[in-house]
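Just so it is clear: chains get the letters A, B, ... in the order the sequence lines come, proteins before strands, and each one is counted from 1.
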Protein chains: 2
Amino acid sequence: MPRTIEKAMRVLDLFSLECPEWGVSEVARALKLPKSTVSELMSDLAKQRLLSRAAAKGRYRLGWRLFELSQTLLDTTRFRIEARRVMEELVRCWQETVHLAVLDGVQAVYVEKLQPTPAVKIGISRAGARLPAYCSGVGKVLLAHSEWKYVTEQLEDQGMPSLTPNTVTTLDALADELKRVREQGYAYDHQETLVGLCCVAAPIYDSRGTVIAAISLSVPDYRFHPAKSKYTSAILDAARRISENAGHALEEYPGY
Amino acid sequence: MPRTIEKAMRVLDLFSLECPEWGVSEVARALKLPKSTVSELMSDLAKQRLLSRAAAKGRYRLGWRLFELSQTLLDTTRFRIEARRVMEELVRCWQETVHLAVLDGVQAVYVEKLQPTPAVKIGISRAGARLPAYCSGVGKVLLAHSEWKYVTEQLEDQGMPSLTPNTVTTLDALADELKRVREQGYAYDHQETLVGLCCVAAPIYDSRGTVIAAISLSVPDYRFHPAKSKYTSAILDAARRISENAGHALEEYPGY
DNA sequence: CTGGTATGTTCGATATAGCCGAATACACCG
DNA sequence: CGGTGTATTCGGCTATATCGAACATACCAG
């Protein structure tokens, strides 16, 4: 179990929107490691272009090799192109925010976020953001179709802190909820991530019938309830079209 | 000098558009390393979410952590938003391919590529692609404004293979060319990357007057020469607008 | 022009941590 | 069922990452 990789990731994880630049000493302080260790580690990360620095002894930024690798990841994620097309249509039609997410461990990673043009920004979500899956619509859809044994293990380790009063915070409650999600073929999020915000989310299947992603509509509370069923069928239809394009034969699966 | 990082990158670099999935044995064979070593390394990369695998013992794909990190890189690259706006305008106006690139070492990395809608695809370039800088328009612009000492060192190591008969292949010729680029404030690429393709490229400055990126128009040979000067002033104008938006006071620099 | 306190890098002895071969386990195929 | 192909586990060896001290710079205030 190469600890070097882990340490390297702890360094990379420091870089964020708020703190996009880090010096050796700052990192050493933040991670409580000797400066010398950090200096060598970061210089090597820079050699591999995972980090870059403007001046020869200046502070570091994230390196373009990350973008490179990320692009080959995206370019080999087939459903993304069709998903984007359908998402654009959804936004145009409903004037609400649409998310596309994949499961990574027990966390949902937003692959794409589309908003009605010059809208009020919703919450903190952005493409590339990572969020515990148990407390969002897309997340619950993804968990519902993954191995329960693994999910419990992970969540027992990581805990289930509540983001709002409505967040599911026990494994039992989550098991019930996921069962419902599987049966009905979609998931609601009633202000579980953010107070005042509701979502409907539906699974995207590939040709083997595996759930590979989830798509959701996010709508402010007051606008959501009156038209709940309309939003639901809209997101189901969108998910179905993306799945079909990915080669999925739909008839056999629930919710359609 | 942590060799672990280097090895990890050698693994990640195997993943490409053509080969997006790798098993442990395949990687071991490709890198001529013991399976056991590779197994542990890749399993750890997966723990850090730099790799992911569908099944518990299946083949690996690139992991979403890469996308996550890449997004914070992009989101902290300020000039990108304005650059994209200007690029869209360029494409609409000239109906030609536009590239945005940054320098990484002595290689150019394409940050963005825009094409006239359903056009013939130009060459192999795509966002996220990496290309030796000495043989492209954007590359020469970027090299022209970076430290010559470092450039020579690197190019002596890496060599300067020619991609077309027109490629600059000696340091002396490159020095001359870069001098010209600095003086005139833009660079031409006359079929140096790809036979039949020409470019004009111009530098993008930040508020401190540092060149942070380059933008280019790529035009088929036969269309380029008749309208060379039009394309040139178009790309200069675009670069100027992006630079200004990035806080650059333009008057003091050549080429404008 | 100091002395003080930041910064980042270099070095070498130390012990840790990653490495590799052999053994294990599982899948698939004829 | 043996014969391939996967991938993982184990443990001993040694290479290798680590850490503190020393060394460079740079900056600021007295």
Side-chain angles (χ1 to χ4, degrees), chain A residues 1-15 19-63 104-105 146-147 149-150 153-154 208-210, chain B residues 1-15 19-63 105 146-147 149-150 153-154 208 210:
Chain A
M1 200 229 284
R3 303 184 70 82
T4 310
I5 305 275
E6 189 200 315
K7 242 170 230 175
M9 286 309 295
R10 290 182 58 207
V11 172
L12 293 184
D13 278 337
L14 290 174
F15 294 79
C19 294
E21 295 194 345
W22 288 79
V24 170
S25 296
E26 294 171 300
V27 172
R29 236 173 293 134
L31 301 184
K32 291 173 182 165
L33 289 170
K35 272 197 307 183
S36 50
T37 305
V38 173
S39 173
E40 291 173 304
L41 178 55
M42 292 184 82
S43 127
D44 204 63
L45 286 170
K47 242 177 237 131
Q48 300 302 322
R49 316 229 152 271
L50 298 175
L51 290 178
S52 72
R53 60 194 342 189
K57 297 201 173 184
R59 315 172 83 203
Y60 288 91
R61 306 189 91 255
L62 291 175
D104 194 28
S146 69
E147 211 183 313
K149 190 176 173 311
Y150 173 74
E153 269 176 30
Q154 293 294 310
R208 289 167 315 200
T210 310
Chain B
M1 201 228 286
R3 303 183 76 84
T4 309
I5 305 274
E6 189 199 317
K7 242 168 230 174
M9 285 309 294
R10 289 181 59 207
V11 172
L12 293 184
D13 278 336
L14 290 175
F15 295 78
C19 296
E21 295 193 345
W22 288 79
V24 171
S25 297
E26 294 171 299
V27 171
R29 237 173 295 133
L31 301 184
K32 292 172 182 167
L33 289 169
K35 273 199 306 186
S36 51
T37 305
V38 173
S39 173
E40 291 173 305
L41 178 55
M42 292 184 82
S43 125
D44 205 63
L45 286 170
K47 241 177 239 131
Q48 300 303 321
R49 316 231 152 271
L50 297 175
L51 289 178
S52 73
R53 57 193 343 186
K57 295 200 174 184
R59 315 171 83 203
Y60 288 92
R61 305 189 92 258
L62 292 176
S146 70
E147 213 183 311
K149 190 175 173 315
Y150 173 74
E153 268 175 32
Q154 293 294 311
R208 287 168 316 199
T210 310

Look for any protein N or O under 3.5 Å of an N or O in nucleotides 3-5 of chain C and output each such pair with its distance, or none.
none

side-chain contact (heavy atoms from CB on, under 4.5 Å) against Ala46(B), all qualifying residues, sequence neighbours excluded: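 Listed in chain order: Leu51(B), Tyr60(B).
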
Between [atom2] of [N] and [atom1] of [X], the distance in whole Å:
| X | N | atom1 | atom2 | result |
| --- | --- | --- | --- | --- |
| Trp22(B) | dT6(D) | CH2 | P | 13 Å |
| Glu6(A) | dT16(C) | CD | P | 17 Å |
| Arg3(B) | dA17(D) | CZ | C1' | 12 Å |
| Leu41(A) | dT16(D) | CG | P | 17 Å |
| Leu45(B) | dG18(C) | CG | P | 12 Å |
| Tyr60(A) | dT7(C) | OH | P | 14 Å |
| Asp44(A) | dG8(C) | CG | P | 17 Å |
| Met42(B) | dT8(D) | CE | P | 9 Å |

Set out, line by line, the N/O atom pairs under 3.5 Å between protein and nucleotides 20-25 of chain D.
from    : atom 1 : to       : atom 2 : distance (Å)
dG20(D) : N7     : Ser36(A) : OG     : 3.3
dG20(D) : O6     : Ser36(A) : OG     : 3.1

Positions of residues 23-31 of chain A (non-hydrogen atom under 4.0 Å from DNA chain C), listed by number: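 Contacting residues: Gly23(A), Val24(A), Ser25(A), Arg29(A).
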
Between Ile5(A) and Ala56(A), who's closer to the 5' end of DNA chain C by nearest nucleotide?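 Nearest-nucleotide comparison on DNA chain C picks Ala56(A).
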
Just how far is it from atom [atom1] of [X] to atom [atom2] of [Y], taken to the nearest 0.5 Å?
| X | Y | atom1 | atom2 | result |
| --- | --- | --- | --- | --- |
| Met9(B) | Thr4(B) | CE | OG1 | 13.5 Å |
| Leu50(B) | Leu50(A) | CG | CG | 8.5 Å |
| Leu45(B) | Lys7(B) | CG | NZ | 12.5 Å |

Candidates dC19(D), dT8(D), dA17(D) - which lies nearest the side chain of Leu33(A):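 Within the option list, the nearest is dC19(D).
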
Side chain to side chain, Lys47(B) and Ile5(A), heavy atoms closer than 4.5 Å: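 Counting from C-beta outward, Lys47(B) and Ile5(A) never come under 4.5 Å.
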
Salt bridge between Glu6(B) and Arg10(B), side-chain N to carboxylate O under 4.0 Å?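 No, Glu6(B) and Arg10(B) are not salt-bridged.
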
Qualifying salt bridge (Lys or Arg N to Asp or Glu O under 4.0 Å) pairs, either residue in residues 52-63 of chain B, two or more places apart: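 For residues 52-63 of chain B, and leaving out neighbouring residues, the salt bridge (Lys or Arg N to Asp or Glu O under 4.0 Å) pairs sorted by first residue read Glu21(B)-Arg59(B), Glu21(B)-Arg61(B), Glu26(B)-Arg59(B).
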
Sequence neighbours excluded and cut-off under 3.5 Å, please list the side-chain donor-acceptor pairs for residues 28-37 of chain A, or say none.
none

End-to-end bend of the helix from dT9(C)-dA22(D) to dG30(C)-dC1(D) (five-pair axes, 10° rounding)?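 Result, rounded to 10 degrees: 40°.
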
